[in-house]
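Notes follow the structure.
Proteins come first, then strands; the chains are lettered A, B, ... in the order of their sequence lines, and each starts at number 1. Computed from a predicted model, the values in this text were never measured in an experiment.
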Amino acid sequence: MYQALLIFKYLTSKVMPLLAAAAVMLCTAMVLIVWSVMGGFLVMLLGSGRTLMGDVSITWPVIGFGHYGELIDRLEADPMVAAATPIVETIGSLSLPDGRISMVLVNGIDGPGYARVTGYEDSLWWKPLAAPLPKDKDRRDWRLEDPDGDAGFWKRAYQDGLALSKQDEATGVSRPAAVLGIELSSFNRRDPGGWYQPLHWDVRAEDGSIRLETGPTFILKRTVTLNVIPLTRQGRSVNSVARVLPVANEFKSGVFDIDAKKMFIPLATLQEMLKMDQAGRVAPPIDPYELEIGEDGEETFIEAEPTAIAPARVTSVLVRAKDGVSPEALKDQVRAVYVAFERDHKGQVPHADRGGIHIQTWREAQGVMVAAVEKETLLVLFILWFISLVASVLILAIFWAMISEKTKDIGILRSMGASKGGIAGLWLIYGLVIGLIGSALGLGVAHAIVWNINPIHEWMGRALNVQIWNPEIYYFTLIPSRVRPDHAAIVFAAGVGFSVLGALIPAVRAANMDPVRSLRFE
Amino acid sequence: MTLLSAHNVFKTYRLGRVDVPVLRGATLRVQRSEFVAVLGSSGSGKSTLLHLLGGLDRPDKGSGVEGGSGGAVVYNGKPLSELGASGLDAYRSREVGFVFQFYHLLPELTVLQNVASGAMIRHGLVGYRVNKPKVEAWARELLASFGLGHRLRHRPAELSGGERQRVAIARALVNDPPVLLADEPTGNLDRKTGASILDALLEHRRATGRTMVLVTHDAEVAARADRIVRLDDGLVVTGP
């Protein structure tokens with residue numbers, strides 16, 4: 001009882017314990033903020049991988065593999081598989097309406113099929129928005145209202161994006177269209193609140209109403225020119241192929257690197273451009289100069305008849321697991337399906353053994369980056385925990401000084417019958433209380449900072465011209481802003497533990513003080 | 001009947017590299033309900049003897065024991081040396097109460113809390129919660145009897161020297177110990193205040209019949225005891 005009373009009195013009448021609690025608060029807040037941001041970064045990294053490629057991918061890059069339709073049918077017949085979709089991946093150059101040319105990662109996809117496997121549908125940016133984003137207090141997001149007074153504009157843009165096609169305004173014919181990463185065109189300005197506005201747009205008040213008008217650089221009204229270089233099955237390049245494509249929509253994955261470098265076009269279009277579509281295979285003529293005489297008596301070269309059909313090819317098939325199936329389990333099952341598939345197409349598709357087709361989970365696909373971030377997180381946390389020992393040492397120093405100051409009190413308590421354990425307990429509980437207060441405050445501070453880290457960062461950018469989180473370096477456009485409860489619990493417990501640890505040596509010293517000497521202490 | 005006794009106790013303190021013998025075989029017997037004054041000059045070992053009697057310190061090993069009772073300091077027939085650490089803590093908490101020359105109050109606590117602190121230590125967290133009303137009522141009564149009923153919520157820094165010593169006496173008595181050990185209780189007070197403190201102590205003793213050992217260098221103070229023993233150069237030369 002006397003411990004509780006004295007701890008309360010010491011806490012409320014001394015500055016030093018408050019300094020100790022402040023040290024614990026700063027250390028726990030620092031560790032939790034860094035852990036939350038870096039851990040959140042890792043989670044976003046992993047999550048983005050899954051959003052863009054499903055759970056498992058089967059890949060044979062550049063050249064691709066055929067009979068993928070049959071493979072997909074086999075996969076979708078498996079009870080562990082929710083859906084599978086083909087894609088073609090290549091590199092190309094993109095001519096943008098402002099004359100800029102960018103190297104891009106081109107994905108040929110079947111829009112609805114790709115949406116069943118990945119988060120493509122949700123990533124489409126231009127779509128009707130029923131309610132503003134949480135930080136859009138002034139309803140400034142353009143998507144809240146159809147522009148140009150064109151009812152259904154955003155809905156059409158969304159459907160066009162999903163189908164990767166766009167109706168020609170002049171002819172009314174649907175054409176293959178492109179969906180660009182939101183950061184690719186530079187025609188959009190990212191608002192600090194997390195939404196995008198086209199660079200030029202007008203707001204005109206007419207009879208009190210607000211009218212939004214798309215400006216000349218609104219990307220959905222422009223076309224882009226895509227250049228790709230097809231390769232033969234042997235990997236030799238063929239003449240480049242260019243295609244002008246209207247822009248159906250833009251997408252935002254949240255991964256800056258992808259949003260700035262990736263674009264989608266219809267699978268069939270890219271297959272055709274890369275000569276990966278279905279084609280007839282002919283045997284080379286025995287005599288290339290042999291002529292035949294037609295009915296009209298004219299001599300022409302003999303056209304070779306196709307001897308076989310070369311199936312269309314894709315570079316990957318993406319697979320999504322059913323709920324409750326882990327990517328690792330799915331990967332094993334996909335490999336089993338592929339082994340059977342390859343057995344039926346011996347020599348026509350890449351073999352399934354080691355060194356053959358790549359079958360990997362989304363986590364493995366991001367392996368290098370994930371491992372780097374994981375190791376970096378561990379390293380930073382190790383350094384921070386080491387720094388947190390400073391709090392422990394600080395508490396040790398503060399308690400040492402306090403015990404020196406309170407030597408006489410210890411003698412008095414011992415003279416009244418307080419045990420050594422009681423005296424040690426007094427200072428250990430005191431350390432515990434300081435740890436609890438400091439850690440609780442630290443958690444509060446960390447939570448407040450992490451929760452508002454993006455507005456704080458934006459404010460620093462505006463007021464101090466400081467940009468710590470550059471999306472071009474850190475991959476994501478927004479800083480992760482969630483505190484994981486398990487991380488918070490660990491940091492809290494560690495903060496308390498370090499405090500008690502810091503109090504331990506002074507507590508033992510206090511307990512072992514000679515009561516007579518303590519009473520005579522001046 | 002002897003309640004508390006010291007038998008041929010030795011105590012040496014080490015100051016730097018020098019051993020300073022303080023007690024050189026002191027012997028003292030205190031009867032139940034007796035008021036003994038230990039008179040001696042400064043450095044004669046009075047306080048050390050009191051600390052040994054109160055279980056705050058232990059005699060040097062090899063201290064002689066009369067009658068083969070097995071311990072140098074004996075309380076109620078039982079040597080303190082036979083008590084373990086927790087037994088000695090309990091002895092200080094229940095059997096003796098200390099009053100010091102310099103009051104030794106806990107500065108952060110109020111007068112009432114200072115007096116109750118001895119009971120808090122004795123009863124522990126749960127026990128004190130149970131006994132709190134009784135203990136506090138007793139503490140208030142004690143303080144009122146020493147004329148401090150109106151000072152309950154004051155801190156020691158807000159009290160005069162005499163008032164502080166009264167609080168210290170009330171604290172020593174809160175657990176109703178059979179023995180009160182007073183170390184120069186008037187030594188830090190002016191003569192008038194010291195006399196009033198002594199009056200209060202004697203008045204209390206008359207009412208309760210409590211055994212009391214008081215050490216002092218003041219013969220006038222010692223004269224008010226039932227019996228005086230003189231301590232000189234670490235030995236009881238008059239008495240025991």
Problem - Those residues of residues 412-431 of chain A, ordered by number, that approach chain B below 4.5 Å (heavy atom to heavy atom) - result: A:Ile412, A:Leu413, A:Arg414, A:Ser415, A:Met416, A:Gly417, A:Ala418, A:Ser419, A:Lys420
Exercise for the section: Considering only heavy atoms, give the residues of residues 493-517 of chain A separated from chain B by less than 4.5 Å, sorted numerically, with 'none' for an empty result. Expected result: A:Pro515, A:Val516, A:Arg517
Problem - Interchain contact, B:Arg122 with chain A, by part (heavy-atom threshold 4.5 Å) - result: neither
Problem - Choice from B:Ser93, B:Ala172, B:Gly118 maximising heavy atom contacts with chain A below 4.5 Å - result: B:Ser93
Problem - B:His104 versus chain A, the contacting section by heavy-atom distance below 4.5 Å - result: both
Problem - Heavy-atom contact with chain A under 4.5 Å, split by part of B:Arg94 - result: neither
Problem - Interatomic distance, A:Leu6 atom CG to B:Ser117 atom OG [nearest 0.5 angstrom] - result: 8.0 Å
Handout entry: pair B:Glu108-A:Asp409: side-chain heavy atoms closer than 4.5 Å
Key = yes
Exercise for the section: Counting only heavy atoms closer than 4.5 Å, note whether B:Leu88 contacts chain A via side chain, backbone, both or neither. Expected result: neither
Practice task
Look at atom NZ of A:Lys9 and say whether more than 12 heavy atoms of other residues, nucleotides or ligands are closer to it than 6.0 Å.
Solution key: yes
Fill in the blank from the handout: Turns out that what part of B:Phe100 lies under 4.5 Å from chain A's heavy atoms comes down to side chain
Problem - Crowding at CZ, B:Arg153 (>12 non-hydrogen neighbours, <6.0 Å) - result: no
